[in-house]
2 protein chains.
Amino acid sequence: MMKIGELSKVTGCSVQTIRHYEKEHLIASAERSEGNFRLYDEAAVEQLLFIKQCRSLDLSLPEIRQLLALNRSPGAQCDDVNRMMDKHIEQVEARIQELTKLNEQLGMLRRSCSNRRTVEQCGILRNLSATPASSG
Amino acid sequence: MMKIGELSKVTGCSVQTIRHYEKEHLIASAERSEGNFRLYDEAAVEQLLFIKQCRSLDLSLPEIRQLLALNRSPGAQCDDVNRMMDKHIEQVEARIQELTKLNEQLGMLRRSCSNRRTVEQCGILRNLSATPASSG
DNA sequence: ATAAACTCTATAGCAACTATAGAGTCAATC
DNA sequence: GATTGACTCTATAGTTGCTATAGAGTTTAT
Ligand SMILES: [Zn+2]
Ligand SMILES: [Zn+2]
Ligand SMILES: [Zn+2]
Ligand SMILES: [Zn+2]
């Protein structure tokens with residue numbers, strides 16, 4: 001059994017993050033030592049690494065909670081997992097599109113200014129001030 | 001002079017958002033009526049539209065505050081504006097790259113499961129559980 | 001006995017809002 | 001003139017996934 005500091009080192013999650021996950025019910029309340037310190041075993045390490053892996057894929061804590069629940073009910077079908085992943089992928093792709101469009105607009109705006117002008121003639125500020133044209 | 005509700009309608013910013021911008025010093029404290037209602041003129045409309053335009057480009061409130069300050073000091077050079085825009089564009093591009101990579105990983109993961117399996121054999125959950133391989 | 005290193009709980013902060021509660025204002029109707 | 005309804009006011013809490021802090025207790029070493 002290890003204390004929270006060691007679990008933190010082993011998994012690369014900060015101590016506060018681990019406590020945060022406990023509060024959010026992503027990991028079970030740990031056993032406690034006589035002095036009220038949290039005690040963890042190998043299963044906790046694995047679960048925390050699972051969570052970390054999910055977070056690196058930008059899955060939300062509620063999504064991870066759902067995956068963990070499915071993981072615990074082995075009779076369940078994969079459909080739920082797949083639906084969630086599809087939705088998540090959709091959102092990531094939508095965000096990429098948004099940002100790509102944004103990037104184009106920023107590029108155009110940036111090109112409207114050359115250095116060594118004073119702000120009065122600044123194309124950037126002028127374009128920002130202009131009433132936004134119809135988006136066509 | 002108009003009250004906050006009309007300013008909200010004209011600009012498409014919510015009433016709370018307008019009050020929030022005031023608290024954050026993006027717009028000046030408005031004049032008040034006898035009954036303590038905020039009163040706005042056309043200049044307020046324009047400034048709010050400027051802010052809205054900046055927000056649609058994902059500029060942060062501090063960045064917008066800086067642009068507004070530059071806008072008010074006409075002798076200033078464009079360099080500051082440009083530096084900020086370049087940095088902002090950099091960050092947007094970095095985020096796009098991150099998300100694109102993420103999207104690839106999610107796609108691979110998603111393909112590791114076909115429907116109508118039970119969770120025990122689920123490729124997604126198994127891959128999430130596996131200790132993350134070196135990223136090569 | 002004392003210090004260092006660790007842990008505990010509870011709370012506040014981040015970003016840019018959104019939502020709510022409880023109270024006050026204003027114009028119109030009965 | 002009392003009441004309704006629409007509007008506004010301030011202050012506060014919630015969103016997301018943490019991070020940082022304060023103040024106290026525990027453990028280990030000297
Ligand atoms: Zn998601
Ligand atoms: Zn310029
Ligand atoms: Zn920025
Ligand atoms: Zn599956």
Side-chain angles (χ1 to χ4, degrees), chain A residues 1-27 29-40 44 47-48 50-68 84 87-88 91-92 95 98-99 102, chain B residues 1-27 29-40 44 47-48 50-68 84 87-88 91-92 95 98-99 102:
Chain A
M1 301 295 261
M2 61 186 90
K3 285 184 286 185
I4 198 167
E6 196 182 340
L7 181 61
S8 170
K9 259 183 212 149
V10 170
T11 60
C13 301
S14 81
V15 167
Q16 298 104 303
T17 296
I18 296 170
R19 290 197 279 240
H20 180 66
Y21 287 165
E22 180 182 315
K23 195 184 292 180
E24 296 290 321
H25 303 294
L26 288 173
I27 54 181
S29 290
E31 277 182 69
R32 297 294 180 113
S33 71
E34 278 189 21
N36 199 33
F37 287 9
R38 291 173 178 82
L39 296 177
Y40 298 98
Q47 180 145 354
L48 201 45
F50 178 92
I51 295 171
K52 197 185 174 192
Q53 180 76 355
C54 290
R55 287 296 301 139
S56 80
L57 296 170
D58 235 16
L59 291 162
S60 68
L61 299 195
E63 282 167 340
I64 297 171
R65 211 180 284 123
Q66 193 182 334
L67 283 179
L68 288 167
M84 182 207 296
K87 206 169 172 182
H88 186 72
Q91 284 169 357
V92 170
R95 185 68 183 144
E98 267 179 36
L99 286 178
L102 191 61
Chain B
M1 301 294 260
M2 60 183 92
K3 286 183 285 185
I4 198 167
E6 197 182 340
L7 181 61
S8 169
K9 260 182 209 146
V10 171
T11 60
C13 300
S14 81
V15 168
Q16 297 104 305
T17 297
I18 296 170
R19 289 199 279 241
H20 180 63
Y21 288 165
E22 181 182 317
K23 195 184 294 180
E24 296 290 322
H25 303 293
L26 288 172
I27 55 183
S29 290
E31 276 183 69
R32 297 296 180 111
S33 72
E34 278 190 23
N36 199 32
F37 287 8
R38 289 173 178 84
L39 296 176
Y40 298 98
Q47 179 147 352
L48 202 45
F50 178 92
I51 294 170
K52 196 184 174 193
Q53 181 77 355
C54 290
R55 287 295 302 139
S56 80
L57 296 171
D58 236 16
L59 291 162
S60 68
L61 300 196
E63 281 167 341
I64 297 171
R65 212 180 285 124
Q66 194 182 335
L67 283 179
L68 288 167
M84 182 206 296
K87 206 168 172 184
H88 186 71
Q91 283 170 359
V92 170
R95 184 66 184 146
E98 267 180 36
L99 285 178
L102 191 61

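Note on naming: letters A, B, ... go to the chains in the order of the sequence lines (proteins, then strands), and numbering restarts at 1 for each one. Please read all numbers here as calculations on a predicted model, not as lab measurements.
Bracketed by its first and final contacts, the part of DNA chain C lying under 4.0 Å from non-hydrogen atoms of chain A reaches from C:dT7 to C:dT11 in 5' to 3' order.
Listed by chain and number, the residues in a side-chain hydrogen bond (donor to acceptor under 3.5 Å, both in side chains) with B:Glu6 amount to none (sequence neighbours excluded). Residues passing the side-chain hydrogen bond (donor to acceptor under 3.5 Å, both in side chains) test with B:Thr11: none are found, sequence neighbours excluded.
Of the residues in residues 8-22 of chain A, those with a non-hydrogen atom less than 4.0 angstrom from any atom of DNA chain D are A:Ser14, A:Gln16, A:Thr17, A:His20, A:Tyr21.
A:Thr17 contributes atom OG1, which lies 11.5 Å from atom CG of A:Leu26 (distance to the nearest 0.5 angstrom). For the atom pair NE2 of B:His88 and CG of A:Leu102, the computed distance is 6.0 Å after rounding to the nearest 0.5 Å. Between the NZ atom of A:Lys3 and the OG atom of A:Ser33 there is a distance of 7.5 Å, given to the nearest 0.5 Å. To the nearest 0.5 Å, the span separating CD1 on B:Ile51 from CZ on B:Arg65 amounts to 10.0 Å.
Regarding A:Leu48, its CG atom lies at a distance of 16 Å from the P atom of D:dG17, rounded to whole Å. Atoms CD (B:Glu6) and C1' (D:dA6) sit 15 Å apart, rounded to a whole Å. Distance, A:Lys23 NZ to D:dC18 C1': 11 Å, rounded to whole Å. Atom CD1 in A:Ile4 sits roughly 16 Å away from atom C1' in D:dG25 (whole-Å rounding). Taking atom CD of residue B:Glu34 and atom P of nucleotide D:dT8, one finds them 17 Å apart after rounding to whole Å. Going from atom CD1 of A:Ile51 over to atom P of D:dG17 covers 12 Å, rounded to whole Å.
The side-chain heavy atoms of B:Lys52 and B:Cys13, taken from C-beta on, include a pair separated by under 4.5 Å.
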What donor-acceptor contacts under 3.5 angstrom involve side-chain atoms of residues 18-25 of chain B, with partners at least two apart or in another chain?
| unit_1 | atom_1 | unit_2 | atom_2 | d |
| --- | --- | --- | --- | --- |
| B:Glu22 | OE1 | B:Arg38 | NE | 2.9 |

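When every heavy atom of A:Asp58 is checked against every heavy atom of A:Glu63, the shortest pair comes out as O-OE1, 4.5 Å. Considering all non-hydrogen atoms of both residues, B:Val92 and A:Leu99 come closest at CG1-O, 3.9 Å.
Relative to the axis of its first five pairs, the axis of the last five pairs of the helix from C:dA1-D:dT30 to C:dC30-D:dG1 sits at 50°, rounded to 10 degrees.
In the displayed structure, A:Gln91 atom CD is contacted under 6.0 Å by more than 12 heavy atoms of other residues, nucleotides or ligands.
For the pair B:Pro62 and B:Asn36, both in contact range of DNA chain C, the more 5′-proximal nearest nucleotide belongs to B:Pro62. Toward the 5' end of DNA chain D, the nearer of the two residues A:Asp58 and A:Phe37, judged by each one's closest nucleotide, is A:Asp58.
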